[in-house]
Asks: 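Just dropping this structure here.
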Amino acid sequence: MGETKEVQLSPETCFTIHMGEPQEVQLTKIEATGAKEENSLEDNSFGGPMNESTMSKKKRYYRWLRISIHSSLVLVCGSAAILLGRLYYEKGGKSKWMGTLVQLAGFPIQLPFHFISAPKNLTTNSSIHPKQSSASILAFIYVSIGLLLALDCYLYSVGLWYLPVSTYSLICSSQLAFNAFFSYFLNSLKFTPYIINSLVLLTISATLLVFQNESSSSDDDDSDSTQVSKKKYVIGFICTVGASAGYGLWLSLTQLVFKKVIKRETFKVVLDMILYTSLVATLATLVGLFASGEWSGLKNEMKEYELGKASYLLNLTFTAILWQVFTIGCLGLIREVSSLFSNAISALGVPIVPMLAVVFFHDKMDGIKGISMVLAIWGIISYVYQQYLDDSKSENRNTSHVPKASSPIEEVHR
């Protein structure tokens, strides 16, 4: 009596029709998988680009927040550490190796952060970067950079011993030019008009203050604090310039290691770089301290310190802590932006240190220092604006690569 007919409506859907005596038509849907996939694609196509844009804006916001935090650490801690280092020499400190050691020996305070961040970052990065550098390569890198860091800190210590604070900090601004030079060869740096403008302004800012410092020294010939013998001045100048060159090379090499060797950008990687290189540099400095014989005079140095034993110990302790926080800020900026940007932020402290020296060391302040401050800030803003332009281009490029949503008509005709 009854017949069963199968009607094929489309490649994705078919129905079975049962013809019975009551002439009832029963429709049974068997499959519609293709249509379901199309619907799911259409639903995702409306939410995808919006979610990508929102996530991109959040990442950009948090990135610049991290850059701001690192920049503040570099400026505040770097300036304070220089002033405390000069205070050590002003009040009776004589050991240049001790001045070097406090720049490096504070790294153990970062060990808790290292152990806290280790498990999470290790599991994450092992899946993203299965091919990691061998231990021998990393050991060679840490030892080499650590020895360079020890030499660099010693040269800085000698320069701070022989030169006034203002002259020292201004000569240190040359590290930006050295960093640009090394970054051109090691990090494929491209000079843009804004970067060139930043470098020129910072150089003029430092030059103005150098001339101002020399003129003030000639005016105060009877002042012991501003009188530096020609021989000591030359030694301090050469050591500070050499330290600036070494610092620029250290930043460029660190950026190269992050991008070409380690190939990871996590907080743990930054801490590893600080801890291992600081350990090597500290050991090298201890060897220099005992080999030079300066260690034997540290006890008398502490007794004869003008501010007392407690102030002596507090000075060295806080100097060590400030230099470590400064290093975290520098490496954070290298990881987030570049070594040149990290150095440019450090150069902003060039006019800040003389301003603080007016309060703590009673240096003179005139219009030239004010102009230098304005030029330095202008130079930093110029460089930061270039970074903003680069971020905007990168965001637009990523947005243009997001696939456009297909209309339902296009899906049907596929």
Side-chain angles (χ1 to χ4, degrees), residues 64-65 67-83 86 159-160 163-181 183 189 191-220 226 237 240-241 244 247-248 251 326 329-330 333 337-391:
W64 278 100
L65 178 61
I67 291 175
S68 300
I69 294 173
H70 292 315
S71 300
S72 300
L73 295 178
V74 169
L75 291 175
V76 175
C77 297
S79 301
I82 291 175
L83 293 176
R86 185 57 194 174
L160 190 59
L163 297 176
V165 180
S166 299
T167 305
Y168 166 84
S169 62
L170 299 167
I171 296 175
C172 288
S173 66
S174 62
Q175 66 193 25
L176 188 62
F178 285 114
N179 187 203
F181 174 78
S183 293
L189 174 69
F191 288 102
T192 64
Y194 289 106
I195 291 180
I196 295 175
N197 180 61
S198 175
L199 297 178
V200 170
L201 289 173
L202 290 170
T203 302
I204 295 175
S205 172
T207 304
L208 284 176
L209 284 174
V210 167
F211 284 120
Q212 188 275 338
N213 182 268
E214 295 207 357
S215 65
S216 63
S217 297
S218 62
D219 294 339
D220 300 332
T226 56
F237 181 85
T240 307
V241 171
S244 300
Y247 184 75
L251 289 175
F326 170 83
C330 285
L333 290 177
V337 189
S338 68
S339 62
L340 187 60
F341 182 81
S342 175
N343 214 343
I345 295 298
S346 300
L348 183 59
V350 168
I352 293 178
V353 173
M355 293 283 292
L356 295 176
V358 172
V359 179
F360 296 103
F361 297 102
H362 306 291
D363 288 351
K364 288 186 176 181
M365 179 66 186
D366 55 17
I368 295 180
K369 288 186 178 180
I371 295 174
S372 178
M373 171 77 80
V374 173
L375 291 176
I377 295 176
W378 185 7
I380 295 299
I381 292 176
S382 178
Y383 193 89
V384 172
Y385 184 69
Q386 178 61 51
Q387 296 299 321
Y388 172 78
L389 293 179
D390 293 340
D391 278 358

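All residue numbers refer to positions in the sequence shown, counting from 1.
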Asks: Going by the rule side-chain contact (heavy atoms from CB on, under 4.5 Å), which residues pair with Leu75 if we only count those two or more places apart in sequence or in a different chain?
Replies: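 Leu75 satisfies side-chain contact (heavy atoms from CB on, under 4.5 Å) with Ile345, Leu348, Ile352 once adjacent residues are dropped.
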Asks: Once side-chain contact (heavy atoms from CB on, under 4.5 Å) is applied, do any residues pair with Phe181, and if so which ones, sequence neighbours excluded?
Replies: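 Partners of Phe181 by the side-chain contact (heavy atoms from CB on, under 4.5 Å) criterion, ordered by chain and then number, come out as Phe185.
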Asks: Could you report the tightest heavy-atom contact between Leu356 and Ser79, atom names first, then the distance?
Replies: CD1-CB, 4.2 Å
Asks: Does the side chain of Cys172 come within less than 4.5 Å of Tyr247's, by heavy atoms?
Replies: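 In short, these two side chains do not touch, never coming nearer than 4.5 Å.
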Asks: Write down the atom of Leu73, the atom of Gly329, and the distance for their closest heavy-atom approach.
Replies: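 Distance-wise, the nearest heavy atoms are CB-CA, 4.3 Å.
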Asks: Thr192: which residues meet the side chain to side chain donor-acceptor pair (under 3.5 Å) condition with it, sequence neighbours left out?
Replies: Gln386
Asks: Taking all heavy atoms of Ser346 and all of Val74, pick out the closest pair and write down the distance.
Replies: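 Scanning both residues completely, I find the closest heavy atoms to be OG-CG1, 3.5 Å.
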Asks: How long is the gap from CG on Leu333 to OG on Ser68, to the nearest 0.5 Å?
Replies: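 Answer for the CG-OG pair, Leu333 versus Ser68, is 9.5 Å.
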Asks: To check you understand the geometry: which heavy-atom pair defines the closest contact between Gly78 and Phe326, and what is its length?
Replies: CA-CD1, 3.5 Å
Asks: Of the non-hydrogen atoms in Arg86 and Val165, which two are nearest, and what is the gap between them?
Replies: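 The pair with the smallest heavy-atom distance is CG-CG2, 2.9 Å.
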Asks: Who are the side-chain contact (heavy atoms from CB on, under 4.5 Å) partners of Val200, not counting sequence neighbours?
Replies: Ile196, Ile204
Asks: Nearest 0.5 angstrom please: Ile371 CD1 to Leu375 CG, how far?
Replies: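 Ile371 CD1 to Leu375 CG: 7.5 Å, rounded to 0.5 Å.
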Asks: Could I get the full list of side-chain contact (heavy atoms from CB on, under 4.5 Å) partners for Ala80, not counting sequence neighbours?
Replies: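 Testing Ala80 for side-chain contact (heavy atoms from CB on, under 4.5 Å), a comparison that skips the adjacent residues, returns Leu322.
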Asks: According to side chain to side chain donor-acceptor pair (under 3.5 Å), who are the partners of Ser382, at least two apart in sequence or on a separate chain?
Replies: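 Side chain to side chain donor-acceptor pair (under 3.5 Å) list for Ser382, sorted by chain: Asn197.
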